[in-house]
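Residue numbers start at 1 and run along the sequence shown. Counting convention: from 1, in listed order, for ligands and their atoms alike.
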Amino acid sequence: MVEVLIPVRLSDSIVAEFSARHIVHKAWEAADEAAFLAQIAPRISAIATSAGILANGAVKMIDGPFMAQFPNLKLVANLGVGYDTIDAKWAAAHGIVVTNTPDVLTDETADTAFGLVLNTVRRFSAAERYLRAGKWLDAPFPLTATLRNKTMGILGLGRIGKAIAKRGEAFGLHIAYSGRSRQADVAYPYFATARELAAHCDILVVAAPGGAETRNIVNAAVLEALGPNGFLINIARGSLIDDEALIAALQKGTIAGAGLDVFVAEPQVPAALMDMEQVTLLPHVGSASVETREAMAKLFIGNVDSFAKTGRALTPVPECAALAGRQEG
Ligand code: 8YV
């Protein structure tokens, strides 16, 4: 049993699971968060969090100053594979292991990405709106673009990127990729920059981690390179795309369309995107099936349980892998 701080509102079932085995402190319920944290700080050895949105619309950042409040903190467990709200480098440098929930959501998220690809290129949502509005009675829905003979460029060929590529291959798409470095065991053509990849492909799928390194990596120049027949799909984080540039590109026809599951200030979605027929918008549902969210919750809680029992976490993030290996078993 450990004392766990939960800074953001998590589902009742997850909080109940934690409470059954640990002492849980629900920071989101405190009227005065600072006073609440000051009172319990020395007792906290684990934080269980997610890229959760607070009541005021802000995202809870687990950064150095936040973690530094807890002198005995050893673990920050994240519900989700993306941990851009946690400063993992700072944590590793201060003996704190960060964990995430990889693998269990890979296929679900890749399915969602591919659903967005199909939906955006073939305009299925727009076609359904057309039918429901009774317009089919007047005329057939306009012909759309196709996936035939197209190239899908994947920006960020990690676990999820590779699963998207596999789906693309099954649909007969050519695959290319860009990322921090060329991968020795991958035969797809590699492009060193997002711009070069965009110039080479018809459908640019963003699947790289969020954070400072990738902020606005898809900018006006990348969209220009993608071109008037190109589609942009984002399944990663809103922060990777320069929103203003994207809206301008869609308005001017610099690109053909976009499929977006994530947004910079979600759940807020830029008003300009809302009325665009060439855009598919999803409310961050990449991993949101019952089974996958259960598997994520199990691994999330499992990391805290394992740490409490053995001193070792199950799935430390790469920044903390060496540190996790040195933890007392
Ligand atoms: C979740 C995600 O929506 O895993 C991620 O990084 O973005 C999603 O699976 C998020 O973690 C909130 O639970």
Side-chain angles (χ1 to χ4, degrees), residues 4 6-18 26-28 47-55 57-62 76-88 91 98-116 154-164 205-215 217 233-241 259-269 281-304 313-320:
V4 185
I6 306 185
V8 295
R9 181 185 288 280
L10 299 176
S11 75
D12 290 347
S13 60
I14 289 178
V15 176
E17 287 268 349
F18 274 125
K26 305 174 196 172
W28 79 86
I47 293 177
T49 190
S50 189
I53 316 273
L54 303 174
V59 168
K60 184 76 199 171
M61 298 304 292
I62 312 296
V76 178
N78 182 56
L79 173 66
V81 69
Y83 52 97
D84 49 320
T85 56
I86 303 168
D87 189 340
V98 176
T99 65
N100 64 345
T101 60
D103 300 319
V104 293
L105 48 56
T106 298
D107 283 323
E108 203 73 68
T109 310
D111 285 354
T112 309
F114 213 80
L116 269 180
I154 301 181
L155 183 58
L157 197 70
R159 281 174 285 234
I160 294 172
K162 284 185 174 130
I164 298 170
V205 180
V206 181
E213 272 178 47
T214 56
R215 194 169 308 284
I217 189 168
I233 305 296
N234 189 8
I235 193 74
R237 288 288 182 265
S239 62
L240 282 91
I241 293 178
L260 310 171
D261 184 47
V262 286
F263 304 88
V264 175
E266 54 190 59
Q268 304 298 326
V269 175
L281 303 170
L282 294 181
H284 198 152
V285 293
S287 66
S289 72
V290 173
E291 287 85 349
T292 295
R293 283 292 169 82
E294 274 174 9
M296 288 165 66
K298 200 168 157 211
L299 185 53
F300 172 54
I301 296 164
N303 268 299
V304 178
L314 301 176
T315 48
V317 302
E319 292 89 330
C320 302

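The closest protein non-hydrogen atom to atom 1 (C) of ligand 1 is Arg293 NH2, 3.6 Å. Protein heavy atom nearest atom 2 (C) of ligand 1, with residue, atom name and distance: His284 NE2, 3.6 Å. Here the protein heavy atom with the shortest distance to atom 11 (O) of ligand 1 is Leu79 O, 3.0 Å. Shortest contact from atom 5 (C) of ligand 1 to any protein heavy atom: Val81 N, 3.5 Å.
Within the structure, the closest approach of Ser50 to ligand 1 falls below 4.0 Å when heavy atoms are considered.
Remark: the backbone N or O of Pro102 is not paired with any side-chain donor or acceptor of Thr106 at under 3.5 angstrom. In terms of modelled atom types and a separation under 3.5 Å, the side chain of Asp261 and the main chain of Val285 share a donor-acceptor contact. Of the possible polar contacts, none joining the Asn100 side chain to the Gly80 backbone as a donor-acceptor pair under 3.5 Å is found. Panel note: side chain Asn234, backbone Arg237; a donor-acceptor pair is recorded below 3.5 Å.
Considering backbone and side-chain N/O atoms, Ala51 never comes within less than 3.5 Å of an N/O atom of ligand 1.
Against a heavy-atom cut-off of under 4.0 Å, Leu105 is close to the following atoms of ligand 1: 4 (O), 9 (O). Ligand-side atoms of ligand 1 in range of Gly80: 4 (O), 5 (C), 11 (O), range being under 4.0 angstrom from any heavy atom.
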